[in-house]
Amino acid sequence: MADREGTLAWLFLMPSVVYILALVALPFLLAIGYSLSDVTAGDPSFDWVGTRNFQRVFEDPVFWRSLGNTFVFTLISMALIVVLGKVLANILVADFRGKWVVRFLVLLPWTTPVALSSIAWLWMLDSIFSPIDWVLRQLGLIEGNMYWLGEPGLAMASVIAVHVWRLTPLAAVIMVAGLVAIPRDLDEAARVDGAGYWRRMFEVTIPLVLPVAAVAALFGAIFTFTDMAVVDVLTNGGPNNATQVLTSWAFFRGIDGGDVGQGAAIALFLFPLLLAAAIAILRAVRRLEVR
Amino acid sequence: MNQQAKYARRHIAARAGLYFGAILAALICAAPFLWSMVTAFKQNRDLYNPENNPFRYNRPATSDHVLYLFDNTSFTTFAWNTLWVGVLVVVITLSLGLPAAYALARLDRPWAGWFGVAIFLVYLVPPSLLFLSLSRLVVGVGLQDSTWSLVLIYPTITIPVSIWLLIGFLKAVPKDIEEQAMVDGFSRLAAFWRAVVPLTFPGIVAVVVFAFTLTASEFIYALAFVSPTTEKVLSTGVPTELVRGDVFFWQSLQAATVLAAIPIAIVFNVFLDRFIAGFTQGAVKG
C-alpha cells in the first residue's frame, strides 16, 4: 500500500514537475548563462565574459536608482495596501444596501488587465487634459497644470498610487477571508468580559488577522516588485529614470537595448530579494499560526 | 432611556460612517473607469479643449469612437484571444496542478512539506527574468508570433500559485471522507475523483478565477512573444493598435478598457464568495 501511494504521488506530481523544470528551471539557468556571456540581439553567439556584465551594471548609476526605486515602491505600496485593504475588508464584510454594486466597483481595479487600467490612469493624469488639474484650477489652487507624470516626485507618487489602487482590492478580499474566519464568539466573549472597542481591536482582531494580512502583504509585494506594466505605460521609467525599477530597466537593456547579457544580469537581482522576502513572510505566518 | 438614546445615536453614526466609507471606496476604485466612460463618447473638438468642463458634454455625445473600435481595429479578435487563451490555461493548470496538490497534501510523503514551499518559490521567479530565454525557447518549438506560445508559457505563472492554494483547500477536506470512500470499495484514484474533488469545488473555483485574472493581466510575455496583430491579446493589442507613436486614440482606448474590464469583473463578482471561502482554507491553513 505504502509503495503504491509513493508511486501514485510521483505519477501525480510528474507532469507539473516536468513542466516546471522545462519551462522555469531551464530558462532560469539559461538566464544565468546569459548574464555571464556577451549575447546580444544582433550577435546571439555565446561567449563567456565572466562577471563583466555585473561589473558594468554596478558602475551604472541608473541601476542603483532602479534598485532603490524598486524598494521604495514595494515598501510604501505594501504598507498602504495592507492598511487600506483592512479598511476596505471591514466595509466588505458589513451588511448594507447596494452592497453588490459597491463590491463590483471596488473589485474593478484588480480584475482589469493591468495594461488597460494603466491606460485609463494615463488619461486621468494627462499633462494637459487631466480632470484632477481642471478641478484644482477651478478651485484656484493651481495655475496651469500639475504634470503628474512629468515631475520626479509626483511621478513616483503616481506610480505608487496606481499600484496601491490596483492591489488593495485583492488584499481586501484576502483579508475578508481572514475576518470571516474569526470565530464570532471570541469577540463576544471579550465584549462580555468588558473589553472596549480598541482593546478588542488590538488584542483580539489584529492578532487573529495578522497571518492573513501577511499573506496579503506577500501577494502585494510580489505583484509590485515584479510588475513593469504600470511603470511602462505611465512613465516609461521617466522623467529621467526617476521611476525606473529593476524590471523595466532589465527590459530596456535586454530587449530595447538588445544587450541580453546585461538585461539578464539586472533581472537576476530580483530573485534573491524576492526569495528573502517570501521566506521571511512565510516563516512569520507559520509562527503566528502555531501560537 | 438616556442610555438607549446614546446607543441609537452611536448606531446611526456607525451606519452613516459605513455608507460613507463604502461609497468613497467605490468612487475611488471606479474613478478611472467612470472617467473613461465619459471620455469614450466625446467628440474630438470637445475632448481636446482644456477650457471645456471635462465632466460634461460640451458638444453632443458621439458613438463614433466606440464603433471605430469594432469596425477598424481587431478589438474583437483580441478579446476572443484573451478568452480562449485564458480558458485553455485554466484547464491545463487544473489538470496538472490538482493531482500535484493532492499528492503533496494527502499522500503523506516525507518530502511533501518542502516540496510545496519549493513550488511556491517557483512563482517568485519573475517573468522579467525568464522572458529572454523563453523567447528563444518559443522560437525553438516554432510557436513564435502565435497565440499558442502563450498557452504553452502562461501555466508557468498559474501552476505554482494554484498548487499552493489547492494544497490548502485539499488539507481542509477531512481525511475520513476518502478513507470511507476507499473502505466502500473505491480505489485511491476514484476516491480522489468522486469524494475529494467535489468537496474541494469552492477552492477549485477560486483557483480558476485567480488563474484567469492573472492570465488576462499578463503583459511581458505577451509583449515579447507575439507581434502579428491578429494573434495579440487584449493587454498588448489595445495599446499597440490605438497608440500610434505619439498619437493616442483616447476615446477608443477608454472604450476598450471599459469593455474589457466589465465582463471580467462580473464573473469575478459572481464567484467572489466562493473565492473568499476558498482563500480562508487555502491561504491560512496552507
Side-chain angles (χ1 to χ4, degrees), chain A residues 5 8-9 12-13 15-16 19-20 23-24 27-28 30-31 34 88 91 94 96 102-109 111-116 119-121 123-124 128-129 131 134 173-174 176-177 180-181 211-212 215 222 226 228-229 247 250-251 254 260 263-264 267-268 270-271 274-275 278, chain B residues 18-19 21-22 25-26 29-30 32-33 35-36 39 50 54-55 96-97 99-100 102-103 107 109 121-122 124-126 128-130 132-134 137 153 155-156 159 163 188 213 216-217 219-220 224 234-235 238-239 250 253-254 256-257 260-261 264-265 268-269 272 275-276 279-280 283-284:
Chain A
E5 292 217 334
L8 191 65
F12 271 12
L13 270 175
S16 296
Y19 181 87
I20 288 172
L23 292 178
V24 180
F28 184 69
L30 248 154
Y34 286 153
L88 193 55
I91 292 172
F96 55 88
V102 169
R103 222 169 69 162
F104 175 79
L105 294 176
V106 158
L107 285 175
L108 274 173
T111 56
T112 307
V114 53
L116 298 183
I119 287 178
W121 273 102
W123 177 233
M124 283 267 284
I128 301 169
F129 302 107
W134 191 85
V173 168
I174 296 175
V176 165
V180 170
V212 82
V215 172
I222 295 172
T226 61
M228 65 165 258
T247 320
F251 199 91
V260 178
L268 266 177
L270 289 165
F271 185 65
L274 271 176
L275 194 65
Chain B
L18 176 65
Y19 276 97
C29 288
F33 300 102
W35 180 233
S36 294
T39 304
F55 295 100
L96 267 66
Y102 183 74
L107 295 177
R109 296 295 100 189
L121 295 181
V122 169
L124 302 179
V125 181
S128 44
L129 178 52
L130 298 180
L132 289 165
S133 13
L134 278 176
L137 204 142
I153 302 298
T156 56
I159 284 180
I163 291 181
R188 174 61 96 159
T213 319
S217 275
F219 184 62
I220 299 183
L234 278 175
S235 50
V238 169
W250 278 121
L253 277 170
Q254 305 309 329
T257 302
I264 305 180
F268 206 98
N269 256 282
L272 184 69
F275 186 76
I276 288 174
F279 230 100
T280 324
V284 182

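Letters go in sequence order (proteins before strands), and every chain restarts at 1.
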Might you point out which heavy atoms bring B:Ala103 and A:Ala9 nearest each other, and give the distance in Å?
CB-O, 3.6 Å
Donor-acceptor pair, side chain of A:Ser16 and main chain of B:Leu96, under 3.5 angstrom
yes
Starting at CZ of A:Phe104, measure out to SG of B:Cys29 and round the result to the nearest 0.5 Å.
12.0 Å
Per-residue tally against chain B (heavy atom, under 4.5 Å) across A:Pro131, A:Ala267, A:Ala115 peaks at A:Pro131
Among B:Trp35, B:Phe268, B:Tyr102, the residue with the most heavy-atom pairs under 4.5 Å to chain A is B:Trp35
Heavy-atom pairs under 4.5 Å with chain A: which of B:Val238, B:Ile159, B:Val125 has the most?
B:Val125
Specify which of B:Trp250, B:Tyr19, B:Phe33 makes the most heavy-atom pairs with chain A at under 4.5 Å.
B:Trp250
Looking at B:Pro239, B:Gly21, B:Pro155, B:Ala216, which has the largest count of heavy-atom pairs under 4.5 Å with chain A?
B:Pro155
What residue, out of A:Pro27, A:Gly263, A:Pro15, A:Ala120, has the most heavy-atom pairs lying under 4.5 Å from chain B?
A:Pro27
Answer whether the closest heavy-atom distance between the side chains of B:Leu130 and A:Leu23 falls below 4.5 Å.
no
With a 4.5 angstrom heavy-atom cut-off, is it the side chain or the backbone of B:Ile163 that approaches chain A, or both, or neither?
side chain
Contact class of A:Leu268 relative to chain B, heavy atoms under 4.5 angstrom:
both
Counting heavy-atom pairs under 4.5 Å to chain A, which of B:Ala224, B:Gly97, B:Ala22, B:Ser235 comes out on top?
B:Ala22
Tell me, for A:Trp123 versus chain B, whether the close heavy atoms (under 4.5 Å) come from the side chain, the backbone, both or neither.
both
Which heavy atom in A:Leu8 sits nearest to a heavy atom in B:Arg188, and how many Å separate them?
CD2-CG, 3.2 Å
Counting heavy-atom pairs closer than 4.5 Å to chain B, which one of A:Phe271, A:Trp134, A:Phe96 comes out on top?
A:Trp134
Does the side chain of A:Thr112 reach to within under 4.5 Å of the side chain of B:Ser217, using non-hydrogen atoms?
no
Counting only non-hydrogen atoms closer than 4.5 Å, does A:Tyr19 touch chain B with its backbone (N, CA, C, O), its side chain (CB onward), both, or neither?
side chain
I want to check something: taking the side chain as every heavy atom from C-beta on, are A:Leu13 and B:Pro99 in contact at a cut-off of under 4.5 Å?
no
Please classify the contact of A:Leu108 with chain B as side chain, backbone, both or neither, using a heavy-atom distance under 4.5 Å.
both
Checking A:Leu107 against chain B: side chain, backbone, both or neither under 4.5 Å from a heavy atom?
side chain
Testing the basics here: between B:Leu234 and A:Leu116, what is the closest heavy-atom pair and its distance to 0.1 Å?
O-CD2, 4.1 Å
B:Gln254 to A:Ile119 - nearest heavy-atom pair and separation:
NE2-O, 4.2 Å
Do A:Ile20 and B:Thr156 make a side-chain contact, defined as non-hydrogen atoms from C-beta onward lying under 4.5 Å apart?
no
With rounding to the nearest 0.5 Å, note down the distance linking OG1 in A:Thr247 to CD1 in B:Ile220.
6.5 Å
